[in-house]
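Just so it is clear, the structure is predicted and the values come from calculations on it, not from any experiment.
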Amino acid sequence: MADDTPVRDVTDDEVAFFTENGWARLPRLVDPGHVALLRDRALERLAERSRAVTSMVDRAFGQSRDVAETDAYFRDLASAPALGRGATRLLRGVGGVRVQVTNLLVKEPGGGHGATAFHQDFPWMPMDRSAMLTVWLALVDVPADMGSLRFLSGSHRHGLLGRSFTRDGDDQFAQHPWLKELETSPPLDLAAGDATVHHALTVHGAPANRRDSARLSFTVTYFDADALYTGTPYGQTDGLGLAVNRPFEHPRFPVVAHA
């Protein structure tokens, strides 16, 4: 089914913008008709999720992790050749990419979830290189005041800036006030099927949902297929038997594209 998943290729202009800014908007990345099917499946899965608040992340949004492992439609989307090709082009210099994780995300209105603190994705990761990006696909229309992502343009060029979501007040602005000198991306109004993509070193966050309905999205993260496992403790990889200083050769991290 993956070959039939209606996903377009990224353009040269989008690659150039991503290289410069560390993020890009990808309009109509997935056909809206197909997104409607995904949205119905997402709502079913998210209704089954645990509502327990066990971390600071849980205050910002709800999630159903690794959805592609149990749902063929999301698995086919994550492994769509166009997405793999796009991730390989956007990361530049990698020979191919693996899927790191897939998520369904929900940011509920009315105080159900708050703002997402500005952070980098990579500080938690057990990979030996930071060539990693996340595609964030809107499954409903997401106007800016519903909580679409905001990015600090060019922040991916400043390296590893530390973890957030470990204690109150540890967002990237609090840790590194100089980041306020960087340009923040404009508020983005996304239609269902539009996506944003950001590098794992790009500082990003999102405001609370000020609308009456839930923000709903699907994310897939890709990383350099040649990356080596460092052994850093991480819930997704602990116990899988991965060998330190060897590639992520495991069914949970399939290679989806080669240059």
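Judged by distance alone, the side chain of Arg150 and the main-chain N or O of Ala206 form no donor-acceptor pair under 3.5 Å. Distance alone, capped at 3.5 Å, places no donor-acceptor pair between the His250 side chain and the Leu242 backbone. Remark: side-chain polar atoms of Arg39 are paired, donor with acceptor, to backbone N or O of Leu139 under 3.5 angstrom. A donor-acceptor pair under 3.5 Å links the side-chain atoms of Asp189 to the main chain of Ala144, judged by distance alone. Between the side chain of Thr11 and the main chain of Glu14, a donor-acceptor pair closer than 3.5 Å is present. In this structure, the side chain of Asp170 engages the main chain of Phe165 through a donor-acceptor pair within 3.5 Å. Within the 3.5 Å criterion, the main-chain N or O of Ser213 finds a donor-acceptor partner in the side chain of Asn209. Without hydrogens or angle criteria, Thr5 side chain to Val7 main chain gives no donor-acceptor distance under 3.5 Å. Side chain of Tyr222 to main chain of Ala78: a donor-acceptor pair is present (N/O by atom type, distance under 3.5 Å, no hydrogens or angles). Between the side chain of Arg89 and the backbone N or O of Val10, at least one donor-acceptor pair lies under 3.5 Å.
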Quiz prompt | Steps toward side-chain contact (heavy atoms from CB on, under 4.5 Å) verdict (Phe248, Leu240) | solution = CA-CA 10 Å; Phe248 286 71; Leu240 293 183; over 6 Å; no
Exercise. Decide yes or no on side-chain contact (heavy atoms from CB on, under 4.5 Å) for Leu77 and Val30, but give the supporting numbers first.
Key: CA-CA 9 Å; Leu77 178 56; Val30 181; 4.1 Å; yes
Quiz item: Step by step, would you call Ser217 with Lys107 a side-chain hydrogen bond (donor to acceptor under 3.5 Å, both in side chains)?
Solution: CA-CA 9 Å; Ser217 59; Lys107 187 182 281 285; over 6 Å; no
Quiz item: Does the side-chain contact (heavy atoms from CB on, under 4.5 Å) test come out yes or no for Trp136 and Val197, once each step is laid out?
Solution: CA-CA 6 Å; Trp136 193 101; Val197 58; over 6 Å; no
Exercise. Dump the intermediate steps for side-chain contact (heavy atoms from CB on, under 4.5 Å) on Phe173 and Lys180, then the final yes or no.
Key: CA-CA 7 Å; Phe173 287 120; Lys180 296 176 182 178; 3.6 Å; yes
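A 4.5 Å side-chain heavy-atom check between Leu133 and Phe223 finds every atom pair outside the cut-off. Using a 4.5 Å heavy-atom threshold, the side chains of Val256 and Leu83 count as separate. At least one side-chain heavy atom of Arg211 sits less than 4.5 Å from a side-chain heavy atom of Asp145. Within the 4.5 Å cutoff, side-chain heavy atoms of Leu160 are placed close to those of Phe122. Arg49 places none of its side-chain heavy atoms less than 4.5 Å from the side chain of Gln63. Between Thr230 and Asn245, the closest side-chain pair of non-hydrogen atoms is not below 4.5 Å. Looking at heavy atoms from C-beta onward, His176 lies out of side-chain contact with Val203 at the 4.5 angstrom threshold. By the 4.5 Å heavy-atom criterion applied to side chains, Arg45 and Asp71 are counted as neighbours.
Here the straight-line distance linking atom CG of Leu91 with atom CE of Met132 works out to 9.5 Å at 0.5 Å rounding. Put simply, CG on Leu190 and CG on Asp141 are 9.0 Å apart, with the number rounded to the nearest 0.5 Å. Ser153 OG to Leu182 CG: the interatomic distance, rounded to the nearest 0.5 Å, is 8.0 Å. Leu179 CG to Leu161 CG: the interatomic distance, rounded to the nearest 0.5 Å, is 6.0 Å. Expressed to the nearest 0.5 Å, how far OG1 of Thr196 lies from CZ of Arg25 amounts to 9.5 Å. The line from CG of Leu46 to CD of Glu108 is 9.0 Å long, rounded to the nearest 0.5 Å.
Following chains of ILVMFWY side-chain contacts shorter than 4.5 Å, one can reach Val15 starting from Val220, so the two form part of one hydrophobic cluster. Side-chain heavy atoms closer than 4.5 Å link hydrophobic residues (I, L, V, M, F, W, Y) into clusters, and following such links, possibly through other members, connects Leu37 to Leu29. Both Val35 and Val106 belong to a common hydrophobic cluster when Ile, Leu, Val, Met, Phe, Trp and Tyr are linked at side-chain heavy-atom distances under 4.5 angstrom. A continuous path of ILVMFWY side-chain contacts below 4.5 Å connects Met127 to Val244, so both sit in one hydrophobic cluster. Cluster annotation: Val135 and Leu216 are assigned to the same hydrophobic cluster (Ile/Leu/Val/Met/Phe/Trp/Tyr, side-chain heavy-atom contacts under 4.5 Å, transitive).
The existence of a salt bridge linking Arg252 and Glu69 is confirmed by a sub-4.0 Å separation between a basic side-chain nitrogen and an acidic carboxylate oxygen. Of the charged side-chain nitrogens involved, none lies within less than 4.0 Å of a carboxylate oxygen, so that Asp224 and Arg98 do not count as a salt-bridged pair. For the pair Asp168 and Arg59, the salt-bridge criterion is met [side-chain N within less than 4.0 Å of a carboxylate O]. Using a cut-off of 4.0 Å between Lys/Arg side-chain N and Asp/Glu carboxylate O, Asp31 and Arg8 are scored as not salt-bridged.
What you find for Ser185 and Leu149 is that their closest heavy atoms are OG-O, 4.4 Å. The two residues Thr116 and Ala60 come nearest to each other via the heavy atoms OG1-CB, 3.7 Å. Minimum heavy-atom separation, Ser130 to Leu201: OG-CD1, 3.5 Å. The heavy-atom pair separating Tyr234 from Trp124 by the smallest distance is CD1-O, 3.5 Å. Between Val142 and Ala138 the shortest heavy-atom distance is CG2-CB, 3.9 Å. Smallest separation of non-hydrogen atoms from Ser148 and Leu188: OG-O, 2.6 Å.
When only modelled atom types and interatomic distance are considered, Gln172 and Ser164 share a side-chain donor-acceptor pair under 3.5 Å. Side-chain contact, Thr134 with Thr219: no donor N or O sits under 3.5 Å from an acceptor N or O. At a cut-off of 3.5 Å, with distance as the only test, no side-chain donor of Arg75 or Thr102 sits close to an acceptor on the other residue.
Just one of His119, His199, His156 meets the ring-ring contact (aromatic ring centres under 6.0 Å, His included) condition when paired with His204; it is His119.
Heavy atoms from other residues, nucleotides or ligands lying under 6.0 Å from CZ of Arg210 number 12 at most. Other residues, nucleotides and ligands contribute at most 12 non-hydrogen atoms within 6.0 Å of the CD atom of Glu183.
Considering only residues two or more places apart in sequence or on other chains, Phe218 meets the ring-ring contact (aromatic ring centres under 6.0 Å, His included) condition with Phe74.
Ring planes of His198 and Phe151: tilted class, angle from 30 to 60°.
In this structure, Phe17 has its ring center under 6.0 Å from that of Trp23.
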